[in-house]
Protein chains: 2
Amino acid sequence: MSRTKARTALLEELEEAMRRSSAQGVLYGQTVANVAGIANSDLECMDILYLEGRVTAGRLAEVTGLTTGAITGVVDRLEKAGLVRRERDEKDRRKVFISVVPEQAMKIGQLYVPMQQAMEKVFGTYSDQELRLLLRFATEGYKGVLAATEALKSLLDTPPEKRPDLKLKKLRRQP
Amino acid sequence: MSRTKARTALLEELEEAMRRSSAQGVLYGQTVANVAGIANSDLECMDILYLEGRVTAGRLAEVTGLTTGAITGVVDRLEKAGLVRRERDEKDRRKVFISVVPEQAMKIGQLYVPMQQAMEKVFGTYSDQELRLLLRFATEGYKGVLAATEALKSLLDTPPEKRPDLKLKKLRRQP
DNA sequence: ATATATATCTTAGTCACTAAGAGATTTAGC
DNA sequence: GCTAAATCTCTTAGTGACTAAGATATATAT
């Protein structure tokens, strides 16, 4: 029992620490956007392009949750800034692929250097085996958050009065 | 040599995995705001209030990077929604403390349940010792990101032409 | 007491967003 | 093959959250 209690406390601490670091991660992103002089959504799209490579405008809308109209604006601004290029798909001429212009995008990438250095410093204190554990956690965590996002999105399609009443754990003590 | 190479590859994989999961975390937050019917910044402030407890309007501006004028709007909306309360500091009557209204805020908290469940499922596969490693990482990672944010912010105070290395195209009117 | 500093709010204007629908192209049904 | 429906992006009009600058109120220093 004392063992489970210790674990429960550990899990709570962990949840708060994760929440804090992820909140700070959001702030880092906002700062990058500020320094780069582009909108938050614009940077978010750059990030998606970096991770997924050449994607269509529609896919950007899908992933970001913005309307296609908003994406038109995002891509207009990014294209004007020379960060991305529009390329019509020759096979299906309705589609527009967006791809990054590496030379320009690299300037944005430089703004992540302070973050990378900080993380390298942290990673440096872990053994290979420990890093593999962190990798496993990051990978599984991603899948979990992805699934949770889908679960939550489905609530949007459910009328409020028909939403299953989610049981919430007791609200945390106020410091 | 082969050993260092393996570690470099591991670090790269780790960086990408972290980036992916944190991007998905951002999307989860956006979805929560959508479902709750409040603006992103409003939710961000709720999160800060949850983590820091009763804070002043000025502190919210400081942490979020928004102007005090914007925070007035945020608090107006949150107060109207019954999620927070304004309380003048009796010791220094210029200050306004913002505090959450737990009963209402809990409704927002419920939207984090899918996420918490997903994470609990993930955490369930780790031993206490492994969880402590994750906690150490989250704590150190937070400090690292915080420091990196400060480092990056200092670039904002440096005139663009004097910034080391970076010569970014001016995309938006700079403050 | 006066001046300066601090904390929040107000105002005017800007920009990114949504909703709705137009335009262009592809796919399906006959 | 031809028409209708579906798909993908862009356009337009209107809305709301944001910034900058300054107003207001209170606190601190000289």
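Residue numbering restarts at 1 for every chain, and letters A, B, ... go by the order of the sequence lines. Just so it is clear, the values below take in all heavy atoms, side chains as well, and ignore hydrogens, waters and symmetry mates.
The cationic group of R19(A) lies under 6.0 Å from the six-membered ring centre of Y50(B) and within 45° of the ring axis, placing it in a cation-pi geometry.
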Between protein and nucleotides 17-25 of chain C, map the contacts as a letter string: B base, S sugar-phosphate only, - none, heavy atoms under 4.0 Å, written 5' to 3'. SB-----BB
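For K95(B) and dT6(C), the NZ to P distance is 12 Å, given to the nearest whole Å. Rounded to whole angstrom, the span from the CD atom of E62(A) across to the C1' atom of dT7(D) amounts to 13 Å. To the nearest angstrom, C1' of dA7(C) lies 17 Å from CD of E87(B). The distance between atom CG of L60(A) and atom P of dC8(D), rounded to the nearest whole Å, is 14 Å. The CD atom of Q30(A) sits 16 Å away from the P atom of dA17(D) (whole-angstrom rounding). A straight line from CD1 of I98(B) to P of dT8(C) spans 8 Å, rounded to a whole angstrom. D76(B) has its CG atom 12 Å from the P atom of dT11(C), to the nearest Å.
Applying the side-chain contact (heavy atoms from CB on, under 4.5 Å) test between L43(B) and each of L78(B), L111(B), I48(B), I38(B) identifies I38(B) as the sole match.
No hydrogens or angles considered: a donor-acceptor pair under 3.5 Å links the side chains of E140(A) and Y126(B).
At a threshold of 4.0 angstrom between heavy atoms, the contacts of R86(A) are confined to the sugar-phosphate backbone, with no base atom among them.
Using a 4.5 Å heavy-atom cutoff, the side chains of E87(B) and V96(B) are not in contact. Contact of the I71(A) side chain with the T64(A) side chain is registered, since non-hydrogen atoms from C-beta on lie closer than 4.5 Å. In this structure, the side chains of E44(A) and Q30(B) come closer than 4.5 Å at one or more pairs of heavy atoms.
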